[in-house]
Amino acid sequence: MGDTTVTTLEGREAAVPHPVAEETGRGPLRRLRAPRRPRLWFEILLIAVSYWTYSLIRNAVPEQKSEALRNADWLWRLEHSLGMAVEESVNHAVNSVTWLIVGMNYYYATLHFIVTLGVLIWLYRSHPGRYAASRLVLFATTGVALVGYYLYPLAPPRLMTNTGFIDTVLVHDTWGSMASGDLKNMSNQYAAMPSMHIGWSVWSGLTIFALARVPWVRVLGLLYPAATLLVIVATANHFWLDAVGGLLCLAFGYAVARVWYGALPYALPRQVPQPRKAGRKRAPAAAGADERHLTPVGDRPAEDGHSPARPRPTTKP
């Protein structure tokens with residue numbers, strides 16, 4: 001038998017290349033952009049402060065009544081010229097069914113907040129890796145909407161003069177709009193463009209459709225913004241062009257998240273990736289596998305059950 005060649009464990013370790021890039025070498029900007037697990041107390045505080053700021057700024061926008069009414073008249077004439085001025089017909093048709101319009105009044109007043117917060121909580125619990133990017137979409141959408149409220153005051157259809165729109169909240173004595181009844185002094189009545197009912201409902205619907213696993217839940221995700229569009233028109237709180245403004249704001253929000261995270265929220269990992277640490281030790285199982293692989297050929301048992309004669313080590317002169 002010839003001499004056996006034995007590869008030592010030390011020799012193999014020297015041949016294994018070390019990782020080229022380590023996670024600890026990332027810059028501060030890249031660390032900020034990396035998805036991380038959200039903290040509950042911080043998220044509650046952030047959402048509360050953000051909504052308070054949004055309400056404060058929105059209601060602090062000067063209520064330019066004359067300009068808002070002029071803009072509403074111009075928008076209404078534009079829809080007539082396009083042959084798409086359907087809001088008044090829908091408003092009267094739905095108002096003739098009392099139980100339906102009353103339900104829509106409460107829908108307008110409540111689901112706007114309930115569904116949006118519910119989707120945020122669901123993302124926080126089930127999709128932590130996508131939560132921060134999805135929240136950024138929502139915040140950027142709302143932020144650019146504030147610019148619209150300031151630059152383009154617009155009266156809702158129900159406040160227009162010389163038209164036949166019905167303010168369904170006043171007629172049916174329901175709590176369905178922050179800009180009607182006893183609550184009208186708490187909200188800017190001339191901030192109808194863009195519609196955040198549409199911006200937030202489409203955000204919620206797309207998130208549910210993209211991430212939910214149950215088919216009927218995904219269908220509900222698509223139906224929710226469609227139902228919201230019907231509600232805001234039937235209650236005479238918005239023109240359908242206000243919904244287009246809400247969609248443009250939402251597109252801006254998705255663009256901001258895409259630039260910041262390098263991908264849309266739904267394409268990010270569901271769970272937050274665990275950072276790799278430099279100098280991580282090899283697992284015992286892997287080390288044991290290497291040792292078994294490095295067993296000298298002469299020490300292996302023969303197939304017939306007899307151990308072959310082990311060659312004597314030779315010494316070089």
Side-chain angles (χ1 to χ4, degrees), residues 50-92 95 104-105 108-109 112-113 138-171 175-203 228-253 256:
S50 299
Y51 184 72
W52 175 80
T53 304
Y54 163 75
S55 300
L56 184 66
I57 296 176
R58 181 180 186 271
N59 297 334
V61 173
E63 294 190 11
Q64 300 168 339
K65 180 177 179 180
S66 58
E67 183 179 357
L69 289 173
R70 285 197 304 269
N71 289 336
D73 289 336
W74 179 86
L75 200 65
W76 188 229
R77 290 195 303 270
L78 174 63
E79 291 190 1
H80 274 284
S81 66
L82 296 174
M84 303 181 69
V86 299
E87 290 89 341
E88 189 173 353
S89 299
V90 174
N91 175 236
H92 282 259
N95 185 71
M104 286 189 175
N105 285 340
Y108 184 88
H112 179 49
F113 306 102
L138 191 63
F139 281 24
T141 299
T142 306
V144 75
L146 293 174
V147 179
Y149 298 147
Y150 185 86
L151 296 178
Y152 193 78
L154 182 70
R158 58 184 175 74
L159 293 182
M160 294 177 64
T161 57
N162 302 322
T163 61
F165 284 104
I166 301 171
D167 190 335
T168 59
V169 172
L170 293 180
V171 170
W175 184 69
S177 173
M178 286 291 291
S180 296
D182 296 334
L183 299 175
K184 65 182 179 181
N185 294 325
M186 298 175 58
S187 176
N188 181 7
Q189 299 187 70
Y190 304 107
M193 170 68 83
S195 170
M196 280 299 92
H197 274 75
I198 291 299
W200 290 10
S201 66
V202 174
W203 173 86
T228 302
L229 176 61
L230 176 61
V231 166
I232 66 173
V233 171
T235 57
N237 279 291
H238 288 281
F239 298 99
W240 66 264
L241 281 176
D242 298 343
V244 175
L247 291 177
L248 293 176
C249 291
L250 182 63
F252 172 81
V256 171

Not counting sequence neighbours, which residues clear side-chain contact (heavy atoms from CB on, under 4.5 Å) with [X]? List them please.
{"X": "Ala236", "value": "Asn91, Pro157, Arg158, Phe165"}
{"X": "Val90", "value": "Val94, Leu230, Val233, Ala234"}
{"X": "Phe252", "value": "Ala140, Val144, Val256"}

His238 side-chain N/O to Ile198 backbone N/O, donor-acceptor pair under 3.5 Å: no
Once you round to the nearest 0.5 Å, how far does [atom1] of [X] lie from [atom2] of [Y]?
{"X": "Met160", "Y": "Asp167", "atom1": "CE", "atom2": "CG", "value": "13.5 Å"}
{"X": "Glu88", "Y": "Trp76", "atom1": "CD", "atom2": "CH2", "value": "5.5 Å"}
{"X": "Asn237", "Y": "Met104", "atom1": "CG", "atom2": "CE", "value": "12.0 Å"}
{"X": "Trp203", "Y": "Thr142", "atom1": "CH2", "atom2": "OG1", "value": "9.5 Å"}

Closest contact, heavy atoms only, [X] versus [Y]:
{"X": "Ala72", "Y": "Phe239", "answer": "O-CZ, 4.0 Å"}
{"X": "Asn71", "Y": "Leu154", "answer": "C-CD1, 3.5 Å"}
{"X": "Gln64", "Y": "Pro153", "answer": "OE1-CG, 3.3 Å"}
{"X": "Met193", "Y": "Gly245", "answer": "SD-CA, 4.1 Å"}
{"X": "Gly148", "Y": "Pro194", "answer": "CA-CD, 4.2 Å"}
{"X": "Leu159", "Y": "Leu69", "answer": "O-CD2, 3.7 Å"}

Results of side-chain hydrogen bond (donor to acceptor under 3.5 Å, both in side chains) for [X] - residues two or more places apart only:
{"X": "Thr168", "result": "Asn105"}
{"X": "Thr228", "result": "Tyr107"}
{"X": "Asn95", "result": "His172"}
{"X": "Glu79", "result": "Trp240"}

pair Asp242-Leu75: side-chain heavy atoms closer than 4.5 Å: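 Sidechains of Leu75 and Asp242: in contact.
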Donor + acceptor pair across side chains of Thr141, Trp200 (<3.5 Å): no
Results of ring pair (Phe, Tyr, Trp, His ring centres under 6.0 Å) for His197 - residues two or more places apart only: Tyr108, His112
Criterion side-chain contact (heavy atoms from CB on, under 4.5 Å) on Val202 and Leu247, from CA distance to verdict: CA-CA 8 Å; Val202 174; Leu247 291 177; 3.7 Å; yes
